[in-house]
Participant: 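This is the structure I have questions about; it appears just below.
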Amino acid sequence: MLQLFIRIFTQALGIALETIDTELTAEYTKQGYQMKRRDFRTIQGLLGTITFERRRIQKQGPRAKGFYPLDNQLGLRKYQRYTALYMKRVTEEAATSVYRTTADVMNRLTLTTISHQTVGNSIKQVGNYEKWEQQEIGRAVLPTVEQHRPAMLCIEGDRLIIKGQGEKRQEIHRVQVSEGQQQHGWQSVLVHAHYFAGLNHKALIQQVTAYLQREYDLGKLTVVSNSDGGSGYGKDIFESMVIGCRQHEHVLDRYPVNRKLKERLYFVEPALQEEIRKALREYKADTMRVLLDTAESQAATTEEAAHIEKLRKYIVRNWESLKPITMRTPQVQPAGIGACENNHRLYSYRMKKQGRHWSKAGGTAMVKVITAIRNKELDNAFTIWEKGFTAPISRTCKGTMRRIMKKIPIQPHVGIH
């Protein structure tokens, strides 16, 4: 019964589209266009398959190009088989499950068929990262009407590794920007958080820089950045993103620091290890030097002595970033930093394990789609990829619809006898 009603609906919709095409063609005929031929077109959507006939028109002249008025009005591209809303639902499902599962779910829940190869191609089209980056960078020229001026701005950056094709590995670079955090019951939520991710580190930094310049008045803000100090996430990288800010405080994440201490001090007595951690927490440089000398005296081999020397250089190199956030001048609240790695799960659950391998194009597209969903910007992303998703109704179409509605005969209601 459901299939019968949907079949009647799609047939009626096809007839309605053909009626609109007739009126649109009549309007263009008044402007000097001539009809060349009639062609059928089939579009699949959430409610099934719609087949309709439309006209191709063209002006006279050797360089004149023909077009389909109805296709232009509906925002249908050449060779497009699926509606934009259907592809949006496919994209949302593919962001959390593999392509074969996505195709199976859509085929079961709709009257439309789609293959897992088409799912993958649609993800690549939606995640056209070059257009997204150009749009993000270009919008920085025109700042928002009123830039944000929060008490503090938090920026965090990190990366995670995924498998590439063959023996290669791909790196997903991530940066998140927030204005601190608020407590909602037992859960802490970032305030006005915005997320960036991609496989191109340089392009990602450009996007973040453009966003910060557009959204915030950096000259009046205190910026706190946090990272593990890895390649591409040093203090200098964050300073390049917030040039001109009132104050910048970079904090080295404690987890990699504690891991470094554990790796380098494996042969040192536990009591001395705890003293070194305490000196680091209390930010006592003189005490730290004495304790490292004591640890070096416990080294029994040249390899162990080399570990102490590497640890000493690591601490000296990052000493400013190791200063506790509560000891900074002026004092800065630590709320809002330390949540970057927790948000890796959106990407790692979808793109790691189970033998998943990604090409650069496919991995970049999936990262952009997941990020757009996280930022609630998937609709905006679709306006870049699919004009028909939010295609405006032209004046010609509005006039056509009025005439069509006038042609429908009015049937008076006679009531119940």
Participant: Run the side chain to side chain donor-acceptor pair (under 3.5 Å) test against Arg246 and tell me which residues pass, sequence neighbours left out.
Facilitator: Thr222

Participant: How would you list, by chain and number, every residue that makes a side chain to side chain donor-acceptor pair (under 3.5 Å) with Asn375, sequence neighbours excluded?
Facilitator: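 Partners of Asn375 under the side chain to side chain donor-acceptor pair (under 3.5 Å) test: none.
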
Participant: Should Arg37 and Asp39 count as an ion pair when the cut-off is N to O under 4.0 Å?
Facilitator: yes

Participant: Glu92: what forms a salt bridge (Lys or Arg N to Asp or Glu O under 4.0 Å) with it, not counting sequence neighbours?
Facilitator: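 Only Lys88, Arg89 meet the salt bridge (Lys or Arg N to Asp or Glu O under 4.0 Å) criterion with Glu92.
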
Participant: Which residues pass the ring-ring contact (aromatic ring centres under 6.0 Å, His included) test with Tyr255, not counting sequence neighbours?
Facilitator: none

Participant: Quick one: are Glu304 and Tyr266 in side-chain contact, heavy atoms under 4.5 Å?
Facilitator: yes

Participant: Is there a salt bridge (Lys or Arg N to Asp or Glu O under 4.0 Å) between Arg281 and Glu274 once you walk through the steps?
Facilitator: CA-CA 10 Å; Arg281 289 194 300 268; Glu274 184 58 33; 3.4 Å; yes

Participant: So, Glu377 versus Tyr195: side-chain donor-acceptor pair below 3.5 Å or not?
Facilitator: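 No donor-acceptor contact under 3.5 Å links the two side chains.
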
Participant: Cut-off 3.5 Å, side chains only: do Thr25 and Tyr33 have a donor facing an acceptor?
Facilitator: no

Participant: Not counting sequence neighbours, list each pair that qualifies as a salt bridge (Lys or Arg N to Asp or Glu O under 4.0 Å) and has a residue in residues 345-356.
Facilitator: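 As it turns out, there is no salt bridge (Lys or Arg N to Asp or Glu O under 4.0 Å) pair with a partner in residues 345-356 once direct neighbours are skipped.
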
Participant: For Phe196, which of Ile205, Leu204, Val367, Thr371 qualifies under side-chain contact (heavy atoms from CB on, under 4.5 Å)?
Facilitator: Leu204

Participant: Measure the acute angle between the ring planes of His248 and His250, then classify it against the limits of 30° and 60° as parallel, tilted or perpendicular.
Facilitator: tilted

Participant: What residues form a side chain to side chain contact (heavy atoms under 4.5 Å, CB included) with Pro324, not counting sequence neighbours?
Facilitator: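 Testing Pro324 for side chain to side chain contact (heavy atoms under 4.5 Å, CB included), a comparison that skips the adjacent residues, returns Arg254, Tyr283, Thr326, Met327.
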
Participant: Taking it one step at a time, do Thr96 and Tyr349 satisfy side chain to side chain contact (heavy atoms under 4.5 Å, CB included)?
Facilitator: CA-CA 8 Å; Thr96 57; Tyr349 286 178; over 6 Å; no

Participant: Looking at Arg54 and Asp71, is there a salt bridge between them, counting it only when a charged N and a carboxylate O are closer than 4.0 Å?
Facilitator: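 Looking at Asp71 and Arg54, the cut-off is met.
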
